[in-house]
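Read through the structure below, which is laid out as structure tokens, and then see the notes.
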Amino acid sequence: MECASYGLMNGYDDGSFRPNANVTRAECAQILSNINPEWRAEIIYYDVDSSKWYRNVVSHYGTYMGGTYTDTKHTTPFGYREYFYPNRACTREDFVYGVGNVIGISTDNNYSYFDDWVSINPNYVDVINAMRMYGIVNGDGTGMHGKFNPKKTITRAEVAQILCNLIEVAEN
């Protein structure tokens with residue numbers, strides 16, 4: 001309810017929330033747009049149909065998430081093809097990295113880390129650690145520092161918790 005009141009995330013048309021459902025990469029791009037609705041630089045993704053509801057948010061916010069692929073083997077006016085995979089379930093690391101980038105989180109002095117930090121994409125480690133340091137993401141409670149489980153798909157409940165944590169940090 002808190003996410004909906006801030007315009008960050010809504011339930012389904014039938015009134016359900018489906019907390020254990022996975023969130024697609026396109027849905028995560030929409031949530032990034034809801035966090036910071038300023039349009040970003042546009043990228044045309046080869047696998048994003050221009051007739052889909054998510055075309056604009058993916059083209060403007062897809063670069064903030066990880067998990068894209070650049071294929072340089074095909075000749076196009078740009079010299080490459082960029083892929084986003086909009087209908088795939090989003091991973092925890094791709095979403096958290098995207099949120100950190102959209103809010104412009106400072107990655108200076110990151111000393112908080114997860115027990116499974118070596119499993120996190122090396123390009124995302126600083127942003128994800130900063131998100132933990134500010135209390136926006138937490139570990140799963142296992143081990144000394146908790147695990148982040150970066151390659152696990154993110155659920156709607158996890159996204160909502162991250163957004164609620166973000167609201168709390170922003171208000172304090």
Side-chain angles (χ1 to χ4, degrees), residues 1-40 52-67 84-117 120-121 124-143 145-172:
M1 296 303 286
E2 186 172 9
C3 292
S5 71
Y6 280 88
L8 298 175
M9 184 178 186
N10 294 312
Y12 290 95
D13 290 339
D14 65 3
S16 66
F17 182 71
R18 302 179 198 159
N20 296 319
N22 289 330
V23 184
T24 67
R25 292 175 49 76
E27 291 168 330
C28 285
Q30 177 63 59
I31 292 166
L32 296 181
S33 167
N34 296 344
I35 292 170
N36 186 349
E38 283 184 27
W39 285 110
R40 309 300 174 144
K52 298 294 184 182
W53 67 266
Y54 50 76
R55 187 247 182 238
N56 284 335
V57 293
V58 167
S59 70
H60 290 276
Y61 289 86
T63 58
Y64 291 89
M65 291 172 47
F84 184 75
Y85 312 106
N87 297 311
R88 282 190 186 167
C90 190
T91 64
R92 291 171 49 79
E93 71 179 354
D94 288 345
F95 179 70
V96 172
Y97 179 71
V99 172
N101 284 328
V102 164
I103 66 172
I105 199 160
S106 171
T107 58
D108 295 338
N109 302 318
N110 286 328
Y111 298 109
S112 184
Y113 60 92
F114 295 99
D115 288 340
D116 59 348
W117 69 271
I120 299 171
N121 181 319
Y124 307 171
V125 169
D126 288 345
V127 170
I128 291 171
N129 284 342
M131 295 284 282
R132 179 184 182 141
M133 188 176 74
Y134 287 103
I136 300 168
V137 295
N138 298 298
D140 65 5
T142 63
H145 302 284
K147 290 183 179 179
F148 179 64
N149 302 303
K151 308 302 186 220
K152 182 180 167 204
T153 57
I154 197 161
T155 65
R156 291 177 54 81
E158 291 169 326
V159 167
Q161 183 63 62
I162 290 167
L163 295 175
C164 286
N165 293 346
L166 182 61
I167 291 166
E168 185 176 318
V169 166
E171 288 179 345
N172 292 326

Discussion item. Working note: T24 + N87, criterion side chain to side chain donor-acceptor pair (under 3.5 Å); need CA distance, chi angles, decisive distance, verdict.
Written reply: CA-CA 5 Å; T24 67; N87 297 311; 5.5 Å; no

Worksheet item: For Y54 and S59, what are the C-alpha separation, side-chain angles and deciding distance, and is it a side-chain contact (heavy atoms from CB on, under 4.5 Å)?
Response: CA-CA 8 Å; Y54 50 76; S59 70; over 6 Å; no

Fill in: Steps toward side-chain contact (heavy atoms from CB on, under 4.5 Å) verdict (I105, I136)
CA-CA 11 Å; I105 199 160; I136 300 168; 4.2 Å; yes

Fill in: C28/M65 under side-chain contact (heavy atoms from CB on, under 4.5 Å): CA gap, chis, key distance, verdict
CA-CA 9 Å; C28 285; M65 291 172 47; 3.9 Å; yes

Practice prompt. Would you check, one step at a time, whether the test side-chain contact (heavy atoms from CB on, under 4.5 Å) holds for Y134 with N165?
Written response: CA-CA 9 Å; Y134 287 103; N165 293 346; over 6 Å; no

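Of the possible donor and acceptor atoms, one in the side chain of N101 sits under 3.5 Å from a partner among the backbone N and O of Y64. Distance alone, capped at 3.5 Å, is enough to place a donor-acceptor pair between the R25 side chain and the G66 backbone. When atom types are taken as modelled, the side chain of D140 and the backbone of K147 share a donor-acceptor pair closer than 3.5 angstrom. Between the side chain of D115 and the backbone N or O of H145 there is at least one donor-acceptor pair closer than 3.5 Å. No donor-acceptor distance shorter than 3.5 angstrom exists from the side chain of D94 to the backbone of C90, with no hydrogens or angles considered. One N or O on the side chain of D116 and one on the backbone of F148 form a donor-acceptor pair closer than 3.5 Å. No donor-acceptor pair closer than 3.5 Å links the side chain of S16 to the backbone N or O of Y12.
Residues forming a side-chain hydrogen bond (donor to acceptor under 3.5 Å, both in side chains) with R92 (at least two apart in sequence, or on another chain): E158. Take E171 and apply the side-chain hydrogen bond (donor to acceptor under 3.5 Å, both in side chains) test, not counting sequence neighbours, and it matches Y6. Under the side-chain hydrogen bond (donor to acceptor under 3.5 Å, both in side chains) criterion, R88 pairs with no residue, sequence neighbours left out.
For the residue pair C3 and A160, the shortest heavy atom distance occurs at SG-O, 3.6 Å. Listed here is the closest heavy atom pair of I167 and E2: CG2-OE2, 3.5 Å. The two residues Y97 and I128 come nearest to each other via the heavy atoms N-CG1, 4.5 Å. Here the closest non-hydrogen pair linking N20 and T155 is O-CG2, 3.8 Å. Nearest heavy atom pair, residue Y61 against residue A29, reads CB-O, 4.0 Å. Between D108 and M133, the closest heavy-atom pair is O-CE, 4.1 Å.
Interatomic distance, I103 CD1 to N36 CG, rounded to the nearest 0.5 Å: 10.0 Å. In this structure, OG1 in T91 is found 11.5 Å from CG in N149, a value given to the nearest 0.5 Å. Once rounded to the nearest 0.5 Å, the distance linking CD of Q161 with CG of L166 reads 11.5 Å. E27 contributes atom CD, which lies 8.0 Å from atom CE of M9 (distance to the nearest 0.5 angstrom).
Surrounding CG of D13 are at most 12 heavy atoms belonging to other residues, nucleotides or ligands under 6.0 Å away. Within a 6.0 Å sphere centred on NZ of K52, heavy atoms belonging to other residues, nucleotides or ligands number 12 at most.
Residues I154 and N22 are not in side-chain contact: their nearest non-hydrogen atoms beyond the backbone lie 4.5 Å or more apart.
Partner of V125 under the side chain to side chain contact (heavy atoms under 4.5 Å, CB included) criterion, out of N129, N121, V127: N129 alone.
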